[in-house]
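Down below is the structure, laid out as structure tokens.
Computed over heavy atoms, backbone and side chain alike; hydrogens, waters and symmetry mates excluded. Throughout, numbering of the chain's residues begins at 1 and tracks the sequence.
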Amino acid sequence: MRKFVLIAAAAGLAATGAIAQESTVSGAAGGAVTGAIVGGPIGAAVGGIVGAAAGTAIDPPPERVITYVREQPVPAQPVVVEREVVIGQPLPQTVVLTPVPEAPEYAYTYVNERRVIVDPNTYTVVQVID
């Protein structure tokens, strides 16, 4: 029994990182498999739901976009928003975004003393660079 629990825990940990980077469909499938290993049929149902939620996590931008944003100078005028900047949450529409020239699907800004990569269509935070 103890060996089964350890194997199930290891499988769950291994699947967690992979699920967070996959789509909703493969996230649900991975969660269902992990849930089935840990808790049988009921675990498969719960794992599928949790995996689907994790699968909808925002994919990080390519390294070239992160590098570009890191190399940009910090603006003289600081921008402050009254809430925490969180990946997956939108910034206020009043925040000015600067497009990434080689990747128009990304923009960036400097908010609360942090570089932030954003989806310019939805203002959703994609990456926070410390």
Side-chain angles (χ1 to χ4, degrees):
M1 179 67 173
R2 183 176 181 185
K3 196 183 275 189
F4 174 74
V5 171
L6 290 174
I7 291 170
L13 288 174
T16 302
I19 291 171
Q21 296 178 4
E22 296 174 348
S23 68
T24 303
V25 174
S26 56
V33 170
T34 302
I37 292 170
V38 175
I42 294 173
V46 173
I49 293 167
V50 171
T56 60
I58 296 176
D59 291 331
E63 191 60 39
R64 64 184 166 81
V65 171
I66 296 170
T67 301
Y68 176 83
V69 172
R70 276 194 179 123
E71 292 173 350
Q72 299 313 301
V74 175
Q77 278 297 67
V79 175
V80 178
V81 294
E82 293 193 17
R83 58 184 168 185
E84 185 178 353
V85 177
V86 178
I87 294 174
Q89 296 298 313
L91 291 175
Q93 297 282 325
T94 56
V95 174
V96 177
L97 302 178
T98 304
V100 176
E102 297 297 320
E105 65 273 21
Y106 297 103
Y108 69 94
T109 189
Y110 192 77
V111 178
N112 295 353
E113 299 182 2
R114 301 169 87 185
R115 296 174 197 273
V116 181
I117 301 174
V118 180
D119 175 341
N121 297 319
T122 62
Y123 276 65
T124 301
V125 175
V126 176
Q127 178 98 24
V128 178
I129 303 171
D130 291 320

> Under 3.5 Å, side chain of Thr109 to main-chain N/O of Val96, donor-acceptor pair present?
Replying inline: yes
> For Val74, what are the other residues in its hydrophobic cluster, where any two members join if their side-chain heavy atoms are less than 4.5 angstrom apart?
Replying inline: Tyr110
>> Is there a side chain to side chain contact (heavy atoms under 4.5 Å, CB included) between Tyr68 and Tyr106? Walk through the geometry before answering.
In response: CA-CA 11 Å; Tyr68 176 83; Tyr106 297 103; over 6 Å; no
>> Tell me the closest heavy-atom pair linking Arg64 and Ala103, and the distance in Å.
In response: NH1-CB, 3.7 Å
> Does anything in residues 88-116 pair up under salt bridge (Lys or Arg N to Asp or Glu O under 4.0 Å), and if so which pairs, sequence neighbours excluded?
Replying inline: Arg114-Asp130
>> Which heavy atom of Pro104 sits nearest to which heavy atom of Pro101, and what is that distance?
In response: CD-O, 4.4 Å
> How far does CD1 of Ile117 sit from CG of Leu97, to the nearest 0.5 angstrom?
Replying inline: 12.0 Å
> Checking side chain to side chain contact (heavy atoms under 4.5 Å, CB included) for the pair Val118/Thr124: CA distance, chi angles, key distance, verdict?
Replying inline: CA-CA 5 Å; Val118 180; Thr124 301; 5.7 Å; no
>> For a quick test of reading the model, state the closest non-hydrogen atom pair linking Val86 to Val125 and the distance between them.
In response: O-CB, 3.4 Å
>> Checking Glu63 against Ile66 for the side chain to side chain contact (heavy atoms under 4.5 Å, CB included) test, could you report, in this order, the C-alpha distance in whole Å, the side-chain angles of both residues, the deciding distance, and whether it holds?
In response: CA-CA 5 Å; Glu63 191 60 39; Ile66 296 170; 4.1 Å; yes
> Just by modelled atom types, is the Val81 backbone N or O under 3.5 Å from a matching donor or acceptor in the Asn112 side chain?
Replying inline: yes
> Within a strict 4.5 Å, meaning less than it, do heavy atoms of the Val80 and Val111 side chains meet?
Replying inline: no
> Atom CD in Gln72, atom OH in Tyr108: separation rounded to 0.5 Å?
Replying inline: 4.0 Å
> What's the verdict on side chain to side chain contact (heavy atoms under 4.5 Å, CB included) for Gln127 and Val116, showing C-alpha distance, side-chain angles and the deciding distance?
Replying inline: CA-CA 6 Å; Gln127 178 98 24; Val116 181; over 6 Å; no
>> A side-chain contact here means heavy atoms from C-beta on lying under 4.5 Å apart; do Ile87 and Val126 qualify?
In response: no
